[in-house]
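Counting starts at 1 for both ligands and their atoms, in listed order. Starting from 1, each residue takes its place in the sequence as its number.
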Amino acid sequence: MTLCLLVGITLTAGAKEADYLLSTPNTTLCITAEVGKPLYFRYYGSKAEVGDIRATGRMLKYDAYPAFGTRCDAPYASLVKQHDGDNATKFVVDKVEKSTNGALTTLSVWLRDVAHSNLVVKVNYSAYNDCDVVKMNTEYFNNGKKPMVLQKYMSAVLPIQSDNCVLLQLDGSTKNECNEHTMPLPVGIHTIASQVGSRISQYNNASFMLGLDGKLEETACPVIAGTLVWMGNYHFEFHNTHIARTPTLFMGGINPAASDYTLAGGKSLVTPEMVLTYATNGKGEATRSLHRWARKHQLLDGTKEREVLLNSWEGVHFDISETSMVDMTKDFAALGGEMFVVDDGWFGDKYPRNNGTSSLGDWCIAPSKLPNGIRPLIDLAHNNGMKFGIWIEPEMVNVTSELYEKHPDWVLRHPDFEPTYGRGKTQLLLDLTNPKVQDHVFSVVDDLLTQYPDIYYIKWDNNMSMHNAQSQYLPKALQSNLTVDFTLALENILKRIRAKYPTVVIQLCASGGARLNYGFMPYFQEMWTSDQTDAYHRVLIQWGAMNFYPSNMLAAHVGSAFSKYTQRFIPIKYRFDVASMCRLGMEMVPAKLNDAEREYAKRAIAEYKNIRPVVQQGDLYRLVSPYEGKRDFTSLMYVTESKDRAVLFAYRHLFKHDMSNIIIRLQGLNPDAKYRIREVAPEVAGKPVKINGAVVSGRVLMQEGVVIPELVKGFTRNAPLGEVRAGNDFRSVILELTEVK
Ligand code: GLA
């Protein structure tokens, strides 16, 4: 890492002294940092020279890191209470540093508080030279001897020159995650926040998109998208005041609610990174920039292929037995599966895990369920050419467990109150601020992998929010450090695990997708998108999640024909076609498939392996949204970087008599190339849709589009597949496009 002082260096044409530009391939961010003066935010938009930004009136002059105390009528990003109670701050620039680390260049502006010499804040702006992504965060230093209390300590402040923004955000709940909501940015202060402590994405997500010109379109209009890299409580504020000359203001960072952070003398706190992208060509481009960056720089093994797996949960729930596991392993191998994962229900000696009321914490094999342990299951998977994975929930304990009997003081709870319990009315969250608990959580993974080094995959679950936000370890005076220290402790545990086990694949799950956040990505290769396996419901969830999260990290499993959650029947082809848009897996007892379904599943898995490089690594283009228009159809596609291969997914959900078809206009292809179209995994082998085999130019496919008549037909083309018929509902087609050279 190089470090050089840049104060006063003019960096680009038209720039004044102390104007600093940071650029990505297609975007520019500009600040003005003059020693002794406030730090000003000037511009974030498409690539431009300072002279042009100034000449066109696009240069803002807004306090880049406003603090409480000097302009108390304006939004503030920083509120610090000194030891004597004084909470007014006036920041001025002390120095500016620039450093480069690989593709990343960082400008660090040191702000000092003119009123209190102990308080220093470093504001970091970083830009990538290979992705259109910039990052912002801050570091708080207490250079004095006495403690200070950080009451608001945001990571990022982004003034936006638009008073007509359209906001996209994700909301939902368990089995209904990531609903896409688009609305005009309300006047006043709009917040997106989480205070649940551990399952931080359960109700909403630390991500947003803003269309800047009164619209938020897929392929046109300027868009800013952002996401916070933080495993704990987060807080976004959008100030839309409509006061002349006041820009729309975004701030993001750690949620300050009940989180006054005591910073001892000589200590510092690094706030999480806010990741931002600017797109001139709509939200599709913003999504692709975030996905590319995630795969390249943030997600563990982001460019490595993911396996097709069978998870035992929906098939047998807690009924784990050697026979059921052996049968599932063999049956899945016969379908072409690549990994078998034993989910919840395999552990607990004194208290075997038969339901959600006991055993979390006792991570030893339940002899009553698996008398021969898991070794035979691992060997069986290997002998069938598959890998083996297992479920844990290491941050938790049930009151009915040997762990709790030994260490009742390891849980989060107030010593004087009866705690609020989670699942099974006995579950509690362990107090990760306690170093002994940190060792325990580390050892859950370490012991398993030491004993069974050939475990390839772990599903790391978390089924409880921080209901009892009281630490039995932290002193009373530091209780409000809990939410931050808990998150930092979790990160330390994960770092320890990854230092020792860099390659084991770990899936993150939290009652489904309640931990979808960029903060987890360096430690987990994938996340369980949702417990909702009804394929139609999943279209909406996956579509929403993929606004920000790339397909290769989103686990999508084919459940049984009848969804116990929605009481809906869905045929096998549609179920496979929905799961195949992300990381494909299955979640059922394969022996329950009938012959036709089994034959279909085999073909679908083989075909997925074939299109997998495009689905897992390609650029996503959204074509027909399930959230817009008549909502009868959904279509999206992936295109390789070189544009020589693409895969198109098209779904028609509910059937209407004589319904009109849609024209699907493709995107992202090479207009001058010709593409051969092939149907992937047709419903009936050897009977593909009519368009199969056609060779069409990229230009026509994009400008004129395709119509697939089979999508709207009212009768199944052939014998129905499945235990049940879904009538005419839920029809789908996958097309592979290969450039004809
Ligand atoms: C959570 C997960 C499920 C499953 C169960 C096991 O609900 O989301 O996928 O692992 O726990 O108890």
Side-chain angles (χ1 to χ4, degrees), residues 172-178 196 198-203 309-321 324-325 328 339-348 351-363 366 369 388-398 400-401 421-429 444 448 455 457-465 505-517 520 524 526-535 537-538 541-542 545 553-560 563-566 579 582-589:
S173 59
T174 304
K175 300 186 190 73
N176 185 22
E177 294 87 340
C178 296
V196 300
S198 65
R199 291 184 298 181
I200 47 151
S201 312
Q202 194 175 18
Y203 305 119
L309 63 85
L310 171 68
N311 180 292
S312 67
W313 178 245
E314 283 194 13
V316 297
H317 292 110
F318 294 102
D319 275 339
I320 302 279
S321 69
S324 63
M325 297 299 98
M328 282 171 118
M339 177 153 49
F340 178 63
V341 180
V342 176
D343 205 283
D344 198 351
W346 60 268
F347 52 94
Y351 304 104
R353 174 83 163 172
N354 293 318
N355 52 47
T357 64
S358 73
S359 324
L360 293 175
D362 299 349
W363 301 106
K369 302 179 129 200
F388 181 84
I390 198 156
W391 180 96
I392 53 174
E393 195 177 351
E395 298 152 272
M396 302 290 168
V397 69
N398 284 115
T400 313
S401 70
Y421 294 102
R423 192 182 189 192
K425 300 193 170 58
T426 56
Q427 184 162 340
L428 291 170
L429 190 51
V444 173
L448 256 182
I455 288 182
Y457 177 104
I458 287 175
K459 174 171 172 180
W460 176 308
D461 211 337
N462 178 310
N463 289 309
M464 189 175 172
S465 304
V505 177
I506 313 186
Q507 181 195 73
L508 181 62
C509 172
S511 319
R515 272 186 161 179
L516 272 176
N517 184 285
F520 293 98
F524 297 88
E526 62 169 45
M527 298 180 197
W528 179 225
T529 319
S530 176
D531 273 358
Q532 184 54 266
T533 46
D534 172 302
H537 208 321
R538 261 292 180 128
I541 294 170
Q542 289 170 192
M553 61 165 280
L554 297 174
H557 296 179
V558 175
S560 50
S563 164
K564 71 171 183 163
Y565 301 125
T566 61
C582 295
R583 198 280 282 132
L584 173 69
M586 292 181 80
E587 190 98 11
M588 58 159 71
V589 177

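Of the polar atoms of Trp313, none of the N or O atoms is found under 3.5 Å from an N or O of ligand 1, judged by distance alone. The distance criterion of under 3.5 Å between nitrogen or oxygen atoms is not met by Phe318 with respect to ligand 1. Looking at ligand 1, you won't find any N or O of Arg353 less than 3.5 Å from one of its N or O atoms.
Given atom 4 (C) of ligand 1, the protein heavy atom at minimum distance is Asp343 OD1, 3.5 Å. In this structure, atom 7 (O) of ligand 1 lies nearest to the protein heavy atom Asp531 OD2, 3.0 Å. The protein non-hydrogen atom at the shortest distance from atom 12 (O) of ligand 1 is Asp344 OD2, 2.6 Å.
The CD atom of Glu314 sits 9.5 Å away from the CG atom of Asp343 when rounded to the nearest 0.5 Å.
You'll find the ring centres of Tyr457 and Trp391 outside the 6.0 Å limit.
Remark: among candidates Gln532, Glu587, Arg423, Lys459, the nearest residue to atom 9 (O) of ligand 1 is Lys459, based on non-hydrogen atoms. Comparing Asn355, Asp461, Leu360 against atom 11 (O) of ligand 1, the shortest heavy-atom distance belongs to Asp461.
Salt-bridge formation is not detected for the pair Glu587/Arg538: no Lys NZ or Arg NE/NH1/NH2 atom is positioned less than 4.0 Å from an Asp or Glu carboxylate oxygen.
If you look at Cys509 next to ligand 1, the close heavy atoms, those under 4.0 Å, all belong to the side chain.
Shown here for Glu177 and Ser511, the closest heavy-atom pair between the two residues is OE2-O, 3.7 Å.
Using bins of under 30°, 30° to 60° and over 60° for the plane-to-plane angle, the ring pair Trp363/Trp346 lands in the tilted bin.
Not one N or O on the side chain of Ser173 forms a donor-acceptor pair closer than 3.5 Å with the backbone of Asn176.
No hydrogens or angles considered: a donor-acceptor pair under 3.5 Å links the side chains of Thr357 and Asn355.
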